[in-house]
There are 4 protein chains.
Amino acid sequence: MVNEHRSGPVRSTAAREAILDATARLFHNQGYDRLTIEGIAKEAGVGKQTIYRWWPSRGALIGECLAEGRLIPVDFVVPYTGDLSGDVEAWLRSVLAILDEPQGGALLRSLVAAATEDAGVGQHLGESLGVEEHLGSRLRAGIRDGQLAEDAPVAQIGRAILGAIIVESLGREKRDSEGVVRLARFLFAR
Amino acid sequence: MVNEHRSGPVRSTAAREAILDATARLFHNQGYDRLTIEGIAKEAGVGKQTIYRWWPSRGALIGECLAEGRLIPVDFVVPYTGDLSGDVEAWLRSVLAILDEPQGGALLRSLVAAATEDAGVGQHLGESLGVEEHLGSRLRAGIRDGQLAEDAPVAQIGRAILGAIIVESLGREKRDSEGVVRLARFLFAR
Amino acid sequence: MVNEHRSGPVRSTAAREAILDATARLFHNQGYDRLTIEGIAKEAGVGKQTIYRWWPSRGALIGECLAEGRLIPVDFVVPYTGDLSGDVEAWLRSVLAILDEPQGGALLRSLVAAATEDAGVGQHLGESLGVEEHLGSRLRAGIRDGQLAEDAPVAQIGRAILGAIIVESLGREKRDSEGVVRLARFLFAR
Amino acid sequence: MVNEHRSGPVRSTAAREAILDATARLFHNQGYDRLTIEGIAKEAGVGKQTIYRWWPSRGALIGECLAEGRLIPVDFVVPYTGDLSGDVEAWLRSVLAILDEPQGGALLRSLVAAATEDAGVGQHLGESLGVEEHLGSRLRAGIRDGQLAEDAPVAQIGRAILGAIIVESLGREKRDSEGVVRLARFLFAR
DNA sequence: GTGTAACCGAGACGGTACGTCCAGTCTTAAG
DNA sequence: CTTAAGACTGGACGTACCGTCTCGGTTACAC
């Protein structure tokens with residue numbers, strides 16, 4: 001028989017909140033590469049150890065912020081009107097809206113930088129944007145509706161769209177929403 | 001026409017070579033985030049200042065290595081047999097071969113990390129893999145041959161394929177060449 | 001009366017001790033101009049920042065070593081036997097003994113070098129040798145005893161003796177204790 | 001029969017002049033510790049090698065400037081009116097005038113710093129101020145005139161006066177010409 | 001109630017790397 | 001053969017953060 005309880009105070013939600021808040025704020029203002037644990041601790045009014053106690057790394061912090069929608073929204077749903085191409089396009093435009101913000105490109109690159117460093121961020125990135133869950137469901141519905149080939153590689157298509165956006169951003173090309181939209185139309189044109 | 005030359009010693013090719021060599025070696029062995037200017041200088045047997053004299057940043061160094069094919073090959077040609085899907089697939093497999101090397105995934109993520117930090121690397125990354133030049137040409141030939149729609153977004157398709165590979169790697173999914181190959185087949189199946 | 005303390009870790013006496021020890025050791029072995037903060041840190045097994053946290057400069061470090069008698073002794077007392085000239089001579093010989101050590105001249109020049117760079121060292125230098133406190137007192141006693149003129153410039157006389165030693169050392173003249181002793185005798189001969 | 005001539009240009013007096021000029025200028029403006037060979041070369045419009053070719057060290061440069069009166073005047077003569085104390089005092093005031101200049105104290109300390117590093121500067125320093133030549137002669141004349149004891153340690157007295165000035169400056173005491181003057185009067189009062 | 005164990009803020013610690021400055025040597029082209 | 005220019009290796013600078021540790025103080029459960 002083990003005693004699961006222990007004495008002492010529990011984790012402070014105020015500290016947790018302050019840390020994640022500070023992380024998100026600094027991530028937006030300075031980008032991932034200038035983000036430091038010390039900076040977060042000072043900004044949050046928290047001791048460094050409190051951060052190290054609960055998160056193993058800078059990347060894990062970003063991962064948690066990402067999962068809670070503190071960096072980018074998390075409700076990228078895909079409508080279902082019956083028009084596959086149009087539905088995907090609607091979702092795509094909501095994703096691209098992030099990039100049209102003033103520092104949108106830098107924000108995406110920072111997220112990618114975090115993802116290269118931390119496996120969790122990489123996994124969360126697609127999820128956050130609804131690539132797997134929402135987009136995947138919609139595409140599978142499209143297959144059922146006969147609008148997409150039976151053997152269409154659903155997961156790969158999602159990655160392709162997201163990846164095209166990322167590659168474009170890495171190349172620092174002038175933002176061109178229409179480019180990616182045309183890609184989507186091409187994908188579902190038959 | 002004036003004489004642009006000045007007197008005095010000239011840039012040492014030996015030092016340049018040693019620096020780029022050391023950079024490529026360390027990049028492969030340790031990845032981008034553990035790559036330090038001091039480490040490169042020591043490995044190359046060179047003073048730090050010699051690096052700072054000629055390259056403004058770590059990213060610029062990687063960019064130059066990339067452009068000279070010191071990190072990954074630069075001759076990713078796309079054959080032209082008349083079979084569009086097959087030709088693209090051949091190119092794709094040669095690109096994916098990089099990832100099948102022991103540390104292939106980490107190598108790609110390191111390249112992406114460098115690209116998030118340095119604009120030049122981002123621009124060179126696609127070029128190095130022949131996405132724009134070779135793949136683009138082949139796709140345009142496909143359009144001429146009637147195998148691809150007149151208005152197919154050539155550049156976007158290239159980015160989509162490369163992007164799918166990157167996103168997969170960021171997610172640390174088990175390497176699955178067939179996935180991306182199926183994406184390519186889907187793209188050109190008609 | 002407020003509590004001046006704050007929470008958190010307290011200054012490490014072990015580090016302080018190691019740093020001052022290393023400073024004194026290196027100062028003796030290499031002289032002031034070859035003394036580096038990095039060398040001290042390595043010798044003391046300490047991070048550079050720990051030195052910069054507590055001392056603003058190399059000179060301040062030397063000043064503290066000097067004040068604590070880690071570079072030269074600090075107990076240069078002047079006896080009082082009634083014989084002014086003899087008493088001063090006794091003190092003088094104990095000071096000159098430093099110069100008769102193997103690297104005595106270099107040591108004095110190093111101290112002077114530190115004093116040119118750091119005001120604190122300059123002030124401590126005379127104090128350390130007892131010029132102001134002990135020698136000054138003895139001279140004032142000499143005035144009371146009628147062995148020295150009422151208006152003898154006590155402080156200046158101390159500086160003159162110390163200064164003669166320094167100037168001789170700066171000129172790299174062969175060490176000649178008797179020269180300075182003769183100066184002292186001349187000063188108090190009447 | 002040897003041919004004393006050799007081909008090529010001889011040592012450029014213009015370069016020599018420019019270097020010593022620049023050295024003196026920078027020495028006055030920045031002090032000895034901030035004086036760098038590179039700075040001198042740039043200020044003089046000269047290659048670094050030209051400096052290293054003719055002077056072995058920074059100290060040697062200062063020594064030569066000092067010897068040529070480029071740092072402080074070199075004509076500190078001692079008058080001979082018959083009044084020993086008054087004559088010495090006249091000389092002393094002309095020396096002290098240097099210290100009353102705006103950056104006089106710093107200048108003296110810089111000279112001392114150079115002297116701690118370079119034997120030549122140390123030897124030249126006293127000479128420059130006329131301590132040995134002029135003051136020594138005057139004191140010896142004083143002995144002949146019966147104003148000074150037969151066995152007065154002439155050289156030591158000179159060093160004592162100069163040394164008192166130096167020690168005072170090292171201690172960053174408020175400049176007080178009268179102090180040293182009182183010392184001189186005390187020395188020759190009988 | 002009183003321990004006492006885990007929390008918290010603060011920040012000192014040994015380290016690594018940064019990007020800069022300068023030392024002293026070497027290399028080039030011009031005179 | 002000297003010169004101006006400046007690239008080279010190398011060492012030290014003073015700063016920023018890393019991740020660990022050590023404090024004094026504060027909960028809040030277990031006795």
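By convention in this document, chain letters (A, B, ...) are assigned in the order of the sequence lines, proteins followed by strands, and residues within each chain are numbered from 1. Worth knowing before you read on, the calculation uses all heavy atoms, side chains too, and leaves out hydrogens, waters and symmetry mates.
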(message) Using a distance-only criterion (donor-acceptor N/O pair, under 3.5 Å, no hydrogens), is the base of F/dG25 paired with the side chain of C/Ser7?
(response) no

(message) From CG of C/Asp33 over to P of F/dC13, roughly how many Å is that when rounded to an integer?
(response) 13 Å

(request) Using only side-chain N and O atoms of A/Trp54, determine if any of them is under 4.0 Å from OP1 or OP2 of E/dC8. (result) yes

(message) Whole angstroms only, please: what is the CD-C1' distance between C/Glu117 and F/dC13?
(response) 13 Å

(message) As an exercise, state the distance from CG of B/Leu20 to CD1 of B/Ile40, rounded to the nearest 0.5 Å.
(response) 9.0 Å

(request) In whole angstrom, give the distance that lies between atom CD1 of A/Ile37 and atom P of F/dG19. (result) 6 Å

(message) Given 3.5 Å as the limit, does a donor-acceptor pair link the side chain of C/Arg109 with the main chain of C/Ser169, or not?
(response) yes

(request) Assess D/Arg16 against D/Trp54: is NZ or CZ under 6.0 Å from the centre of the six-membered ring, and within 45 degrees of the ring's axis? (result) no

(message) Which is more 5' along DNA chain F, the nucleotide nearest A/Glu38 or the one nearest B/Gly47? Just name the residue.
(response) B/Gly47

(message) Can you pull out the residues from residues 14-31 of chain A that lie within a 4.0 Å heavy-atom distance of DNA chain E?
(response) none

(request) Starting from P on F/dT3, measure out to CD1 on D/Ile51 and report it in whole angstrom. (result) 11 Å

(message) Please compare D/Leu35 and A/Gln49 by the position of their nearest nucleotide in DNA chain E and report the one closer to 5'.
(response) A/Gln49

(request) Name the residue closer to the 5' end of DNA chain E, choosing between A/Ser12 and B/Tyr52 according to the nucleotide with the nearest heavy atom. (result) A/Ser12

(request) Check for a donor-acceptor pair, side chain of D/Arg58 on one end and backbone N or O of D/Tyr32 on the other, with a separation under 3.5 Å. (result) yes

(request) Please check if the side chain of C/Arg70 supplies one atom and the backbone of C/Glu68 the other of a donor-acceptor pair under 3.5 Å. (result) no

(message) Using heavy-atom distances to pick each residue's nearest nucleotide on DNA chain F, tell me which of A/Arg58 and B/Pro9 is more 5'.
(response) B/Pro9

(request) Quickly work out the D/Lys42 NZ to E/dA23 C1' distance and round it to whole Å. (result) 16 Å

(message) Quick check on F/dC8: is either OP1 or OP2 less than 4.0 Å from any side-chain nitrogen or oxygen of B/Arg53?
(response) yes

(request) Using the six-membered ring of A/Phe27, assess whether NZ or CZ of A/Arg34 lies under 6.0 Å from its centre and within 45 degrees of the ring axis. (result) no

(message) With a 3.5 Å cut-off and heavy atoms only, can you find an N or O donor on one side and an acceptor on the other between the side chain of B/Lys48 and the base of E/dG19?
(response) yes

(request) Check every strand shown and say whether B/Gly39 touches a base, only sugar-phosphate, or nothing at a heavy-atom separation below 4.0 Å. (result) nothing

(request) Please report, rounded to the nearest Å, how far the P atom of F/dG19 is from the CH2 atom of A/Trp55. (result) 15 Å

(request) Please report the shortest heavy-atom distance between B/Ala41 and B/Gly47, naming the atom on each side. (result) CB-C, 4.3 Å

(request) Send over the distance from D/Leu61 CG to E/dA23 C1', rounded to a whole Å. (result) 14 Å

(request) Whole angstrom is fine here: how far is it from CD in A/Glu43 over to P in E/dG9? (result) 14 Å

(message) Whether the side chain of D/Thr23 engages the backbone of D/Ile19 through a donor-acceptor N/O pair (distance < 3.5 Å, no angle test) should be reported.
(response) yes

(message) On the nucleotide E/dG14, are OP1 or OP2 found under 4.0 Å from the side-chain N or O atoms that C/Thr50 carries?
(response) yes

